[in-house]
*Asks:* 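Let me begin by handing over the structure; questions about it come next.
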Amino acid sequence: MVSWRNNLNSMQEKAVTTYEGPVMVVAGAGSGKTSVLTKRIAHLILNLGVPKDAVLAITFTNKAALEMKTRLYELLEFNTHTMWISTFHSMCVRILREHIEHLDYHKHFQIVDDDDTLQIIKSLMKRHGVDAKIMAPHSIKNYVLKIKTDEARMQNLEQPMREIIEIIYPAYQKQLKDNNLVDFDDLILLTIRLLEDFPEIQKRYHRQFEYILVDEFQDTNTVQYRLIRALVNEKKNVFIVGDEDQSIYAFRGANIENIQRFKRDYHPVNTIVLEQNYRSTNTILKAANAVIKENKNRIKKNLFSTKGDGDKIVFFKAYSERDEVEYVAETIRLLVRSGIDYQSIAVLYRTNNTSRLFEEVFMQKQLPYLIYGNTSFFKRKEIKDLVAYLRLIINPHDDYSFMRVVNEPRRGIGAKTIETLSRNAEHAGLSIYETLVQDKSSLSKGVLNKINHFITLMQSLQKHFDTVHFNQFIDDLLERIGYLKMLQNDDKGDVRLENMLEIKTMFKEAENSYDVDDKTTVLLYMLEDIALKSQEEKEKDPNSVSLMTLHAAKGLEFDVVFMVALEKGIFPQHRHYDSLESIEEERRLMYVGVTRCKQQLYLTNASQRYLYGSLTQNLDTPFIQDISPTLLQLEGLNKERMKTTLRYTQDYQQTQVYKERLKAITKTNENHLDKGNKVNHKVFGIGVVVSVNNDQCVIAFSHPHGIKTLMKDHPSISKV
DNA sequence: CACCGGTTTATTTTT
DNA sequence: TAAACCGGTG
């Protein structure tokens with residue numbers, strides 16, 4: 001019997017050892033959640049003799065899955081690599097690769113990411129004559145994906161959006177299916193279909209997975225919830241961990257109601273609350289508690305720690321954004337001089353564009369920094385191009401890849417030709433490659449020449465792949481397709497090339513991890529799941545200051561945290577003022593930021609800054625006012641002005657003038673638009689509302705503006 | 001089809 | 001400000 005008692009408090013111990021039936025753990029920030037999860041799995045395996053394949057642990061990120069495996073390895077001391085500890089999506093891939101043929105898909109389906117989806121939607125819009133100016137491809141994509149996970153929503157869609165979605169959605173699905181592609185939602189949906197429609201498959205997994213654990217449960221969406229339901233067997237040994245206060249992905253479909261639903265569906269649920277925080281000082285926790293307390297829809301929780309009060313939170317107000325950055329840089333200097341490592345310091349911001357100035361100044365001052373959350377390695381254009389080439393080499397019938405690279409680098413084969421090729425292929429029910437081999441009559445001579453040239457090139461590369469070592473092949477490939485030449489005229493060419501050559505390392509790793517000899521198969525496996533992979537950590541100087549968005553910071557911790565650009569309009573974003581739900585999500589984001597900090601928290605902003613090229617003056621974020629002034633140490637402009645300004649603001653809020661203004665503002669914000677209403681738009685003039693749904697509305701303006709889809713509450717619209 | 005230049009628009013994003 | 005996008009021209 002392995003005992004965990006020494007390292008766990010009583011609540012944690014209960015969470016680790018309650019092994020029968022449904023358990024829900026409400027895990028406050030920094031309460032040792034990951035430790036509970038891993039120790040629970042270890043307890044099941046070492047103390048209760050549960051086979052390791054009978055445990056299924058689901059996370060949201062590869063990083064979390066990897067961390068769990070690593071920490072578990074330390075406890076179990078046997079290989080955890082093949083255990084079912086994975087993200088929702090890779091778990092689904094693992095299941096689908098085995099059974100997807102039941103659903104009439106080919107076993108070697110490819111996974112498309114969001115960018116691919118957008119491209120597909122764009123091309124379909126063109127094909128079906130949907131004007132991208134009236135309906136933004138981006139919003140069509142969002143609607144398609146929403147409908148996809150909840151088809152009932154189609155009934156609630158207003159015209160003309162509904163009409164468009166009714167065309168584009170099935171066309172999109174068909175396009176994916178025809179090309180043997182699946183998107184991220186398909187991975188979940190198809191797995192649900194397998195389990196729900198094929199009882200023998202479901203039975204197999206029910207027999208296997210006796211214990212199911214779900215991390216970050218507050219981030220599950222409706223279909224993921226359904227998937228869990230389909231996986232849990234009659235014993236209902238399901239263990240979920242979550243914290244609704246840290247739910248910051250509602251905009252991506254995360255549904256907090258799943259927590260309540262879980263309680264109903266698995267009644268009775270053993271609920272365990274972890275409130276003891278092992279991370280932060282009490283000053284920081286008091287601030288965090290005060291901020292989150294303002295949210296109405298939550299189970300009350302109060303974090304506490306035994307770390308003492310620590311230092312006050314510094315609130316620095318700078319004159320300009322440049323001053324703000326200077327302040328942060330200089331403060332970091334001082335901190336480092338006093339013995340703190342760069343790597344235990346983070347700068348957190350709401351929007352990515354904030355990072356630019358920080359990067360500039362840090363570079364100038366030679367402060368080592370690392371920006372997280374750049375476009376992921378696998379989403380970079382050059383990588384996607386290379387992947388498409390490799391896929392096409394393994395499988396010439398891969399139309400999707402064909403279309404991507406046939407004119408990259410430029411070969412004089414334009415959008416129109418590609419469209420014709422794809423249409424012809426669709427008519428013939430064949431791949432583009434086959435169509436070209438059989439019938440070239442519909443193409444002009446010049447085009448035909450270029451295409452033939454490309455086809456010959458690909459065929460010779462296929463042969464070449466079999467004859468030389470992979471590393472050599474990549475070098476030759478880049479040369480022969482003309483990519484090298486193209487990169488020479490690109491000022492970021494050397495970085496791009498370096499990225500592309502990384503594929504060699506990946507191939508070597510794949511060779512080692514997949515137990516197959518055949519080169520083609522290794523490559524095939526490697527390419528299959530590439531869309532699911534996340535960026536490998538760069539080998540930059542590990543002792544660097546971390547720069548990242550608040551979203552990216554979730555799950556991490558730092559001794560010193562700077563939360564910057566805390567200004568109304570930026571954080572919370574102005575488009576979130578109107579609805580209670582979105583302001584609550586922004587507040588949770590503030591909570592997440594504050595609770596990342598172990599020792600010393602800095603809140604900063606600037607009284608004026610350039611935003612999109614023009615000078616703006618923003619107020620302090622209202623979230624700072626939630627924090628008691630006794631916890632704050634005011635610095636910068638605050639020092640002189642803030643004390644009086646704060647009092648002034650509070651007094652002012654009591655006055656009649658303020659209350660009336662507030663009323664006036666809320667009134668214009670309400671802007672209750674209905675079908676048929678006449679409105680006046682600052683730019684487009686008078687128009688008539690055609691339809692309204694959620695936060696958007698469609699308005700018909702007179703010539704030359706025409707029909708526009710606009711944000712309903714945008715200040716430029718007023719009712720007439 | 002490719003290129004140039006004017007116009008438009010601006011979250012967050014685990015997979 | 002900066003990047004993405006569109007439309008006209010060669």
Side-chain angles (χ1 to χ4, degrees), chain A residues 58-67 86-93 111-118 122 126 131-133 136-138 141-142 145 182-188 215-216 218-221 223-224 246-254 321 348-357 360 372-376 378-379 407 409-418 444 446-447 450 529-535 548-556 565 569-576 582 585-586 588-590 592-593 609-616 683 710-711 714:
Chain A
I58 310 173
T59 63
F60 274 82
T61 64
N62 290 307
K63 204 167 136 201
L66 186 68
E67 190 184 343
S86 64
T87 63
F88 269 102
H89 298 270
S90 21
M91 170 189 79
C92 289
V93 171
I111 304 164
V112 296
D113 65 24
D114 279 3
D115 295 336
D116 298 321
T117 296
L118 187 63
K122 271 189 195 165
K126 233 173 225 164
D131 189 346
K133 257 184 264 164
H138 207 82
K141 184 199 92 179
N142 288 341
L145 293 184
V182 300
D183 63 18
F184 290 137
D185 288 330
D186 279 327
L187 291 175
I188 313 280
D215 192 13
E216 306 275 17
Q218 76 282 352
D219 288 335
T220 51
N221 64 26
V223 278
Q224 284 160 342
Q246 293 186 68
S247 162
I248 52 176
Y249 285 104
F251 72 94
R252 289 201 53 150
E321 83 262 50
L348 309 181
Y349 35 80
R350 172 67 238 259
T351 58
N352 278 311
N353 58 7
T354 311
S355 71
R356 242 199 54 224
L357 237 199
E360 199 177 291
Y372 286 78
N374 303 336
T375 35
S376 131
F378 299 100
K379 280 189 176 167
N407 197 34
R410 298 260 146 90
R411 296 189 178 92
I413 302 163
K416 217 168 170 189
T417 310
I418 296 174
S444 76
V447 175
K450 295 172 189 165
D529 304 347
I530 220 161
L532 289 184
K533 297 229 166 79
S534 58
Q535 184 170 12
M548 64 184 92
T549 62
L550 289 161
H551 282 89
K554 195 169 105 171
L556 305 176
I570 298 174
F571 182 37
Q573 286 263 292
H574 37 350
R575 47 176 82 185
H576 289 309
S582 39
E585 177 139 323
E586 294 279 296
R588 289 193 289 269
L589 206 45
M590 178 80 186
V592 167
R609 77 171 58 234
Y610 278 94
L611 216 56
Y612 304 133
S614 56
L615 192 64
T616 56
V683 180
L710 300 165
M711 298 306 291
H714 199 273

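Treat the numbers as computed from the prediction; the structure is a model and nothing was measured. Lettering of chains follows the sequences in order, A, B, ..., and the numbering in each one begins at 1.
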*Asks:* Given the rule in the salt bridge (charged side-chain N to carboxylate O under 4.0 Å, His left out) test, do Lys141(A) and Asp183(A) qualify, once you have shown the distances and angles that lead to the verdict?
*Replies:* CA-CA 12 Å; Lys141(A) 184 199 92 179; Asp183(A) 63 18; over 6 Å; no
*Asks:* Over how many whole Å does the gap from Leu66(A) atom CG to dT15(B) atom P extend?
*Replies:* 12 Å
*Asks:* Specify the separation, in whole Å, of atom NZ of Lys554(A) and atom C1' of dT13(B).
*Replies:* 12 Å
*Asks:* To the nearest angstrom, how far is Lys379(A) atom NZ from dT15(B) atom C1'?
*Replies:* 8 Å
*Asks:* Counting only N and O atoms by type, is there a donor-acceptor contact under 3.5 Å from the side chain of Arg588(A) to the main-chain atoms of Ser247(A)?
*Replies:* yes
*Asks:* In whole angstrom, give the distance that lies between atom OH of Tyr610(A) and atom C1' of dA2(C).
*Replies:* 16 Å
*Asks:* Within this structure, what is the CG-to-P distance between Asp115(A) and dA4(C), rounded to whole angstrom?
*Replies:* 11 Å
*Asks:* Report each atom pair, protein N/O against N/O of nucleotides 5-10 of chain C, whose distance is under 3.5 angstrom.
*Replies:*
from: dC5(C); atom 1: OP1; to: Lys122(A); atom 2: NZ; distance (Å): 3.1
from: dG7(C); atom 1: OP1; to: Lys133(A); atom 2: NZ; distance (Å): 2.5

*Asks:* Let me confirm one number: the CG-CG distance from Asp185(A) to Asn221(A), rounded to the nearest 0.5 Å.
*Replies:* 7.0 Å
*Asks:* In whole Å, what is the span from the CD atom of Glu67(A) to the C1' atom of dT14(B)?
*Replies:* 14 Å
*Asks:* Using the closest heavy atom to pick a nucleotide of DNA chain B for each, name whichever of Lys450(A) or Leu187(A) lands nearer the 5' end.
*Replies:* Lys450(A)
*Asks:* Can you name the closest pair of heavy atoms from Cys92(A) and Leu187(A) and give their distance?
*Replies:* CB-O, 3.4 Å
*Asks:* Rounding to a whole Å, what distance do you find between Lys63(A):NZ and dT14(B):P?
*Replies:* 11 Å
*Asks:* Check whether the side chain of Arg356(A) and the base of dT1(C) form a donor-acceptor pair under 3.5 Å.
*Replies:* no
*Asks:* If you take all heavy atoms of Tyr349(A) and Ser355(A), which pair is closest and at what distance?
*Replies:* OH-CB, 3.3 Å
*Asks:* Using a 4.0 Å heavy-atom cut-off, does Thr417(A) contact any base of the nucleic acid, only the sugar-phosphate backbone, or nothing at all?
*Replies:* sugar-phosphate
*Asks:* How many angstroms lie between atom CG of Asp113(A) and atom CG of Leu118(A), to the nearest 0.5 angstrom?
*Replies:* 10.0 Å
*Asks:* Would you say the ring centroid of His576(A) lies under 6.0 angstrom from that of Phe251(A)?
*Replies:* no
*Asks:* Asp215(A) has an atom CG; how far is it from atom P of dT14(B), in whole Å?
*Replies:* 16 Å
*Asks:* Within this structure, what is the CE-CD1 distance for the pair Met91(A) and Ile58(A), rounded to the nearest 0.5 Å?
*Replies:* 4.0 Å
*Asks:* Taking protein heavy atoms under 4.0 Å as touching, what does nucleotides 2-12 of chain B look like 5' to 3' if B marks base contact, S marks sugar-phosphate-only contact and - marks none?
*Replies:* SS------BBB
*Asks:* Determine: side-chain N/O of Ser90(A) to OP1/OP2 of dT15(B), distance under 4.0 Å, yes or no.
*Replies:* no
*Asks:* Where is the tightest heavy-atom contact between Glu586(A) and Pro572(A), given as atom of each residue plus distance?
*Replies:* OE1-CA, 3.0 Å
